[in-house]
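Just the heavy atoms: all of them, side chains too, but no hydrogens, waters or symmetry mates, feed the values below.
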Amino acid sequence: MVKRIMSDFAAVADFVVVYVAEAHPTDGFVMSGNVEIRQHRSLEERLTAAETLAAHDIPCPILVDTMDNAAARAYAAMPDRLYILLDGVCVYRGEPGPGGYSPEEVRDWLQKFSG
């Protein structure tokens, strides 16, 4: 769904993924079927994990959070969350995932914005 939104609105918006601390590390809260990634102990490990994510055909740049989790804290982004920024101002803030993760709301907002 998110990849489709990125494709449909590529002319309207720039998309990025911010890779933060691993929500389901193999040495922590494990979920079956996930890619095997340990909790990052260094920026190098986090960058390697982001490269693993990139291998899954993510159609946008992947930014990597700092090891002090500055982006995750600033945007309350754990385990995942969707935002729309317009000219540096947050105009849409989705609820925390997984329950509040709603790509459909992002699609609706972008549709209204683009006319």
Without swapping roles, check the side chain of Asp65 against the backbone of Ala70 for a donor-acceptor pair under 3.5 Å.
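Looks like yes, one N/O pair under 3.5 Å.
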Mark yes or no for whether Arg81, through its side chain, and Ala76, through its backbone, hold a donor-acceptor pair below 3.5 Å.
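Checking the backbone N and O of Ala76 against the side chain of Arg81, a donor-acceptor pair under 3.5 Å is found.
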[Y] and [X], any side-chain heavy atoms less than 4.5 Å apart:
| X | Y | answer |
| --- | --- | --- |
| Leu85 | Val91 | no |
| Leu82 | Pro103 | yes |
| Phe9 | Arg107 | yes |
| Phe15 | Ile84 | no |

Table please: side-chain donor-acceptor pairs of residues 108-115 below 3.5 Å, with sequence neighbours left out.
from, atom 1, to, atom 2, distance (Å)
Ser114, OG, Leu110, O, 2.9
Ser114, OG, Gln111, O, 3.3

Looking at [X], I'd like to know if its [atom1] atom is crowded, meaning that more than 12 non-hydrogen atoms belonging to other residues, nucleotides or ligands lie closer than 6.0 Å.
| X | atom1 | value |
| --- | --- | --- |
| Arg4 | CZ | no |
| Glu104 | CD | yes |
| Asp14 | CG | no |

When you look at Tyr19 and His40, which way does the side-chain contact (heavy atoms from CB on, under 4.5 Å) test go after all the steps?
CA-CA 11 Å; Tyr19 188 82; His40 321 124; 3.2 Å; yes
Which heavy atom of Pro59 sits nearest a heavy atom of Lys3, and at what distance?
CD-CG, 3.9 Å
Output the distance between atom CG (Asp80) and atom CD (Glu95), rounded to the nearest 0.5 Å.
12.0 Å
Please state whether the rings of Tyr83 and Tyr75 are parallel, tilted or perpendicular, taking 30° and 60° as the class boundaries.
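Plane angle over 60°, so perpendicular.
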Please determine whether residues Met67 and Val18 belong to a single hydrophobic cluster, defined as Ile, Leu, Val, Met, Phe, Trp and Tyr linked transitively by side-chain heavy-atom distances below 4.5 Å.
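No; Val18 is not reachable from Met67 via cluster members.
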Less than 3.5 Å apart, which donor and acceptor atoms pair up between the side chains of residues 49-58 and the rest of the protein, not counting sequence neighbours?
from, atom 1, to, atom 2, distance (Å)
Thr52, OG1, Thr48, O, 3.2
His56, ND1, Thr52, O, 3.0

Output all residues satisfying side-chain contact (heavy atoms from CB on, under 4.5 Å) with Leu47, sequence neighbours left out; order by chain, then residue number.
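So Leu47 forms a side-chain contact (heavy atoms from CB on, under 4.5 Å) with Leu43, Val64.
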